[in-house]
Amino acid sequence: MNKIKVIVAGPRGRMGHEAVKLVHNTDHFELSAVLDTKYNGMNLSEIEGFTGIEAPVFTDIDECFSSAEADVLIDLTTPVVGMKHAVKALEYNIRPVVGTTGFTKNDLETLERLTAEKELGCIIAPNFAIGAILMMKFSQMAAKYFEDVEILELHHDQKLDAPSGTAVKTAEMISKVRKYKKQGHHEEKETIPGARGADMDGMRIHSVRLPGLVAHQQVMFGMEGQQLTIRHDSFNRASFMSGVKLAVEEAMKINVLVYGLENIIE
């Protein structure tokens, strides 16, 4: 079996560091290079925390993509950086696997057009935790029978966007099977603005930000006499790597843009 050659962007970030370990420890993956903001020209093994992991470090994206042979780029940085890297990767015939939230409709349309032109796979995933993807799919199933639903997402206090991309994606999936309904009493009034959370098709989304949290979400359904709660918890960033591995493997098999890991999980 030919090894899948991978470049990792942002190796010193918490998610990027996990991605480097994933590639290094997966037999059919090969770490071709890393793209960083520092340490140009060094070997990754010379940087603290990466002992024994060999890969050249580049700070210039064009130099990286033109010098290192690669099939896939793993980018777990930010929406702005991830978008820039994804576009550039496709220009170099490298398949992007990007795990960040905040991509706009225009961003996705641009990537869809580029993947079609290049006939290369590209996977953008707001969440790479397999359990989180199943939580979203189960919630969509439940929404066919429970029309009253509220989403509570909890993350660390360094997260920049609210609500989370996973919460938004969950609400979008539920909206496909649920008729619009404005929830709560028809005369309900917020005495403090925002008390009822964000409103999306009548559903309410609540965001919690506290130190010590990683990534957690529960979807609560209510019906006369009963309640159904579907919850997923990520306790560390290694929890996302099973989905990253799957996305890298699937990106090699497709030639289109896929937004959301739920689209490649049966």
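Below, each value reflects all heavy atoms present in this structure, side chains not excepted, and no hydrogens, waters or symmetry copies.
- Looking at T104 and N106, their side chains never bring a donor and an acceptor atom within 3.5 Å of each other.
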Q | Derivation and outcome, side chain to side chain contact (heavy atoms under 4.5 Å, CB included), residues M83 and L111 | A | CA-CA 9 Å; M83 179 62 184; L111 292 174; 3.9 Å; yes
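- Remark: the backbone N or O of G202 is paired with a side-chain donor or acceptor of D199 at under 3.5 angstrom.
- Residues F29 and I4 are in side-chain contact: their nearest non-hydrogen atoms beyond the backbone lie under 4.5 Å apart.
- Put simply, CD on Q217 and CG on D233 are 10.5 Å apart, with the number rounded to the nearest 0.5 Å.
- With N40 contributing its side chain and T59 its backbone, the two residues share a donor-acceptor pair below 3.5 Å.
- Note on I7: it does not cluster hydrophobically with V57, by side-chain heavy-atom contacts below 4.5 Å among ILVMFWY residues.
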Q) Yes or no on side chain to side chain contact (heavy atoms under 4.5 Å, CB included) for M173 and K169, after CA distance, side-chain angles and deciding distance? A) CA-CA 6 Å; M173 291 172 63; K169 184 70 174 175; 4.3 Å; yes
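- Side-chain contact between I130 and L246 is present, with heavy atoms from C-beta onward closer than 4.5 Å.
- At a threshold of 4.0 Å, the pair E250-R95 does not count as salt-bridged, since none of the basic side-chain nitrogens sits closer than that to a carboxylate oxygen.
- Here N263 contributes atom CG and I265 contributes atom CD1; the two are 9.5 Å apart, rounded to the nearest 0.5 Å.
- Remark: side-chain polar atoms of D201 are not paired, donor with acceptor, to backbone N or O of M203 under 3.5 angstrom.
- Not a single salt bridge (Lys or Arg N to Asp or Glu O under 4.0 Å) links K5 to another residue, sequence neighbours left out.
- In this structure, the side chains of S139 and F221 come closer than 4.5 Å at one or more pairs of heavy atoms.
- Annotation: side chain of L44 is in contact with side chain of L31 (closest heavy-atom distance under 4.5 Å).
- Here the side chains of S239 and F128 are not in contact, with every heavy-atom distance at 4.5 Å or above.
- Here the side chain of H216 pairs a donor or acceptor atom with the backbone of V214 at under 3.5 angstrom.
- Looking at S45, its side chain never comes within 3.5 Å of a backbone N or O of E54 through a donor-acceptor pair.
- V149 places a side-chain heavy atom less than 4.5 Å from the side chain of Q183.
- In this structure, a donor-acceptor pair under 3.5 Å is absent between the side chains of T166 and E153.
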Q | side chain to side chain contact (heavy atoms under 4.5 Å, CB included) evaluation trace for M135 with R231 | A | CA-CA 7 Å; M135 175 264 298; R231 181 178 174 110; over 6 Å; no
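- No chain of hydrophobic side-chain contacts below 4.5 Å, direct or via other Ile, Leu, Val, Met, Phe, Trp or Tyr residues, connects F103 to V81.
- Between the side chain of E63 and the main chain of F58, no donor-acceptor pair closer than 3.5 Å is present.
- The backbone N or O of E112 sits less than 3.5 Å from a side-chain atom of T115, completing a donor-acceptor pair.
- The environment of D157 atom CG is dense: over 12 non-hydrogen atoms of other residues, nucleotides or ligands sit within 6.0 angstrom.
- Between E172 and K176 there is no salt bridge, since no side-chain nitrogen of the basic residue lies less than 4.0 Å from a carboxylate oxygen of the acidic one.
- Residues K38 and R12 meet the side-chain proximity criterion, which asks for heavy atoms closer than 4.5 Å.
- In summary, K245 and E249 engage in a salt bridge, as defined by a charged side-chain N under 4.0 Å from a carboxylate O.
- The only member of L152, I174, T229 that meets side chain to side chain contact (heavy atoms under 4.5 Å, CB included) when paired with V219 is I174.
- Residues L120 and L90 form a side-chain contact, since some pair of their non-hydrogen atoms from C-beta on lies under 4.5 Å apart.
- Taking the six-membered ring where tryptophan is involved, the planes of H17 and F50 are tilted, since the angle between them lies from 30° to 60°.
- No continuous path of hydrophobic side-chain contacts links M220 to Y145 [ILVMFWY only; heavy atoms under 4.5 Å].
- Residues I74 and L257 are members of separate hydrophobic clusters, defined by side-chain heavy-atom contacts under 4.5 angstrom among Ile, Leu, Val, Met, Phe, Trp and Tyr.
- Salt bridge E18/R237: absent, no basic N to carboxylate O contact under 4.0 Å.
- Interatomic distance, D148 CG to R178 CZ, rounded to the nearest 0.5 Å: 7.0 Å.
- Between the K159 side chain and the R209 main chain, no donor and acceptor come within less than 3.5 Å of each other.
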